[in-house]
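Each chain gets a letter, A, B and so on, in the order its sequence line appears, and its residues count up from 1.
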There are 2 protein chains.
Amino acid sequence: MNEKAFLAAYDPKAFPAVLVTVDAVLFTFHQEQLLVLLVKRSNHPDMGKWGLPGGFIDPARDKTLEDTVNRKLLEKTGVTPPYLEQLHTIGNDSRDKRGWSVTASYTALIAHQKCAPGIDSVSDARWVGFDELDTIDIAFDHRSVISLARERLKQKALYSIVPAYALPEKFTLPELQRIHEILIGKPLQKKSFRRRIDQSDLLIDTGLKRYEGGRPAALYKMRARSGRFTFVRNLEE
Amino acid sequence: MNEKAFLAAYDPKAFPAVLVTVDAVLFTFHQEQLLVLLVKRSNHPDMGKWGLPGGFIDPARDKTLEDTVNRKLLEKTGVTPPYLEQLHTIGNDSRDKRGWSVTASYTALIAHQKCAPGIDSVSDARWVGFDELDTIDIAFDHRSVISLARERLKQKALYSIVPAYALPEKFTLPELQRIHEILIGKPLQKKSFRRRIDQSDLLIDTGLKRYEGGRPAALYKMRARSGRFTFVRNLEE
DNA sequence: CCAATAGTGTCTATCAGACATTATCTA
DNA sequence: TAGATAATGTCTGATAGACACTATTGG
């Protein structure tokens with residue numbers, strides 16, 4: 001049999017069924033807090049619990065896995081995040097009561113004000129602070145996926161400025177330092193933090209300033225592709 | 001409807017079928033060369049081309065995705081590699097002619113002599129050197145998966161000693177330096193390389209020596225969990 | 001002895017940490 | 001002017017690169 005005949009006769013449903021989903025851990029930063037987007041499940045299984053935004057691939061609409069993630073995030077937040085990276089894929093026979101299940105999880109970052117102006121009025125999606133996570137009933141294995149995403153983002157805070165994507169388009173260096181400090185879990189030296197960013201030319205000074213309280217802070221924005229840059233030397237953990 | 005009734009009525013085959021496979025990029029190091037294991041495809045599609053070892057999940061036998069990978073590698077090499085880490089998951093509607101396809105790919109490392117004593121006599125699996133890859137007809141998108149795996153492993157060579165898992169259990173520091181040099185693509189300073197390994201206490205001196213040519217070289221083995229260690233400062237690329 | 005390979009001594013350069021100092025705003 | 005916050009000056013310490021040197025084997 002040649003390939004053409006093989007493909008004509010091929011029946012995908014003849015194979016053992018495996019559930020395939022995607023999930024996104026969408027972070028943002030607001031009022032000195034790292035927040036993650038959770039969605040209230042309206043269907044079985046784990047109905048009523050909170051879980052990560054995500055769901056099944058729609059082969060008719062999605063060309064790629066990233067399309068699926070972006071589609072799901074767009075439905076919940078109204079926008080497409082500027083940072084999206086694959087986190088980890090989990091597949092086993094116990095994570096979903098419906099059967100053998102595979103989920104490709106992603107880490108996404110977005111500015112707080114850009115997403116879902118009315119997100120806190122929609123009852124099925126909300127931002128949850130990390131302190132609050134322990135008190136919430138989380139669906140499936142999503143709690144461990146969130147932990148993994150946060151751990152990975154912490155590592156990135158040590159050798160990149162990826163966390164900047166959780167800030168508004170224009171932001172100050174003290175703001176960026178704050179989110180790094182929260183991710184790493186300890187205060188950083190202002191001088192060290194500024195030095196590596198100054199020297200690496202990753203940010204553009206917009207010329208604007210933010211005025212609040214003391215000396216005004218310069219407003220910067222990300223240069224294109226700055227999210228891919230990695231420092232050769234890490235900050236201390 | 002409660003969850004129990006929902007699950008009883010649930011039919012996984014009712015959902016749009018997505019093909020789910022795993023693939024492994026298994027590296028080893030032999031005679032100054034980085035080698036990757038390829039398998040000749042005996043079925044459509046891409047029959048006759050060379051591809052990565054891998055295949056469909058067997059829900060009856062595999063509890064996890066890692067089980068699937070290890071089962072496939074065991075079939076080809078006779079052993080389970082000491083290093084296995086998820087690389088990347090690709091899912092789209094064009095990579096497999098049979099339909100929407102998702103593959104979870106893994107990077108694996110193994111000592112050359114431990115695996116498949118007769119691997120080069122088996123016609124459907126062989127070690128391929130990186131120089132030779134360009135001349136081979138590769139199935140699906142596996143060429144780009146191999147590139148990604150190599151790129152990732154290069155990065156690890158800059159900040160870890162993970163490449164040591166591609167060497168025999170006992171190895172010399174010059175051997176380890178060689179595989180790092182090949183991955184990074186430039187010679188390294190002997191002194192720098194030794195210093196970081198000495199100071200980090202990642203290897204155990206077995207007390208044995210390897211005699212060949214000049215001054216004998218001390219034989220080391222990996223300490224447990226040394227594969228997870230990361231240096232705070234990278235080598236130069 | 002020489003050739004070959006393993007391993008060390010030591011200087012320099014780079015860059016993060018520490019922390020004091022200066023700058024620029026509002027009240 | 002005082003208080004607050006942003007930004008800089010400058011010293012120290014850790015560690016990678018460079019490269020010359022010494023050590024230990026076989027022939």
Side-chain angles (χ1 to χ4, degrees), chain A residues 31-32 154-161 167 170-181 183-220 229-237, chain B residues 31-32 154-161 167 170-181 183-220 229-237:
Chain A
Q31 291 173 342
E32 303 283 291
K154 171 188 172 178
Q155 292 306 314
K156 288 194 189 290
L158 296 173
Y159 62 74
S160 80
I161 58 166
L167 298 176
K170 292 172 185 142
F171 55 87
T172 68
L173 284 188
E175 282 178 318
L176 182 56
Q177 184 173 335
R178 279 302 291 147
I179 185 170
H180 278 250
E181 286 173 336
L183 284 166
I184 296 169
K186 68 162 219 181
L188 296 172
Q189 290 289 335
K190 191 164 46 171
K191 181 67 182 185
S192 308
F193 192 78
R194 300 186 69 94
R195 205 172 21 206
R196 52 182 7 220
I197 288 174
D198 288 347
Q199 288 175 4
S200 57
D201 196 39
L202 291 169
L203 301 183
I204 299 167
D205 189 336
T206 63
L208 303 170
K209 305 269 183 205
R210 172 162 302 159
Y211 298 82
E212 48 177 58
R215 173 171 172 176
L219 281 162
Y220 295 87
F229 179 85
T230 58
F231 296 95
V232 295
R233 194 165 156 187
N234 287 12
L235 297 174
E236 284 180 359
E237 275 195 75
Chain B
Q31 292 174 341
E32 303 282 292
K154 171 188 173 177
Q155 292 306 315
K156 288 194 188 289
L158 296 173
Y159 62 75
S160 79
I161 57 166
L167 298 176
K170 291 171 186 145
F171 55 88
T172 68
L173 284 188
E175 281 177 320
L176 182 56
Q177 184 173 335
R178 278 302 290 146
I179 186 170
H180 278 251
E181 285 173 336
L183 284 167
I184 296 169
K186 69 162 219 182
L188 297 172
Q189 289 290 334
K190 191 163 49 169
K191 181 67 180 183
S192 307
F193 192 77
R194 301 186 68 95
R195 207 173 17 205
R196 52 182 6 219
I197 287 175
D198 288 347
Q199 287 174 5
S200 57
D201 197 39
L202 291 169
L203 301 182
I204 298 167
D205 188 336
T206 62
L208 303 171
K209 305 269 183 205
R210 172 162 303 158
Y211 297 82
E212 48 176 62
R215 174 173 172 176
L219 282 161
Y220 294 87
F229 180 84
T230 58
F231 295 95
V232 294
R233 193 165 156 187
N234 286 13
L235 297 174
E236 283 180 0
E237 275 195 76

Response to the item:
In this structure, CD1 of A:Ile184 is separated from CG of A:Leu158 (nearest 0.5 Å) by 4.5 Å
Worksheet item: Roughly, in whole Å, what's the span from CG in B:Asp198 to P in C:dG9?
Response: 11 Å
Item to complete: With sequence neighbours left out, write down each residue that passes ring-ring contact (aromatic ring centres under 6.0 Å, His included) with A:Phe193, or none if nothing qualifies.
Response: A:His180
Worksheet entry | Separation of atom CZ in B:Phe193 from atom P in C:dT8, rounded to whole Å | 14 Å
Item to complete: Could you list the residues that satisfy ring-ring contact (aromatic ring centres under 6.0 Å, His included) with A:Phe231, not counting sequence neighbours?
Response: A:Phe229
Worksheet item: How long is the gap from CD1 on B:Ile204 to CG on B:Leu219, to the nearest 0.5 Å?
Response: 13.0 Å
Practice prompt. Output all residues satisfying salt bridge (Lys or Arg N to Asp or Glu O under 4.0 Å) with A:Lys154, sequence neighbours left out; order by chain, then residue number.
Written response: A:Glu237
Practice prompt. Give the rounded distance in Å between these two atoms: CD of B:Glu32 and P of C:dT5.
Written response: 10 Å
Worksheet item: Whole Å only: how far is the CD1 atom of B:Ile197 from the P atom of C:dG7?
Response: 12 Å
Worksheet entry | Donor/acceptor link under 3.5 angstrom from B:Lys191 side chain onto base of C:dG9 | yes
Practice prompt. In whole angstrom, give the distance that lies between atom CZ of A:Arg195 and atom P of C:dC19.
Written response: 14 Å
Do any N or O atoms of the protein come closer than 3.5 Å to N or O atoms of nucleotides 22-26 of chain C, and which pairs are they?
from	atom 1	to	atom 2	distance (Å)
C:dA23	O4'	A:Arg215	NH1	3.3
C:dA23	N3	A:Arg215	NH1	3.4
C:dT24	O2	A:Arg215	N	3.3
C:dC25	O2	A:Gly213	O	3.4
C:dT26	O4'	A:Gly213	O	3.3

Discussion item. Short of 4.0 Å, heavy atom to strand atom, which residues of residues 229-237 of chain A count as contacting DNA chain C?
Written reply: A:Arg233, A:Leu235, A:Glu236
Worksheet entry | Nearest-Å distance for atom pair CZ/C1', residues B:Arg178 and C:dA6 | 15 Å
Worksheet item: If you look at every strand shown and take non-hydrogen atoms under 4.0 Å, does B:Arg194 touch a base, only sugar-phosphate, or nothing?
Response: base
Worksheet item: Between atom CG of A:Leu176 and atom CZ of A:Phe171, what is the distance when rounded to the nearest 0.5 Å?
Response: 5.5 Å
Practice prompt. Can you sort out the partners of B:Arg178 under salt bridge (Lys or Arg N to Asp or Glu O under 4.0 Å), two or more places apart, ordered by chain and number?
Written response: B:Glu32, B:Glu181
Practice prompt. Classify the nucleic acid contact of B:Arg196 as base, sugar-phosphate or nothing, counting any heavy atom under 4.0 Å across all strands shown.
Written response: sugar-phosphate
Worksheet item: Going 5' to 3' along DNA chain D, which nucleotides are the first and last within contact of chain B (any atom under 4.0 Å from a heavy atom)?
Response: D:dT15 to D:dG26
Worksheet item: Taking only residues two or more places apart in sequence or in another chain, which ones pass side chain to side chain donor-acceptor pair (under 3.5 Å) with A:Arg195?
Response: A:Ser192
Worksheet, complete the sentence: So side chain to side chain donor-acceptor pair (under 3.5 Å) across residues 201-218 of chain A, not counting sequence neighbours, yields A:Glu175-A:Arg210, A:Asp201-A:Arg223
Discussion item. As an exercise, state the distance from CD1 of A:Ile179 to CD1 of A:Ile161, rounded to the nearest 0.5 Å.
Written reply: 12.0 Å
Fill in: Spacing of A:Leu202 atom CG and A:Ile197 atom CD1 [to the nearest 0.5 Å]
7.0 Å
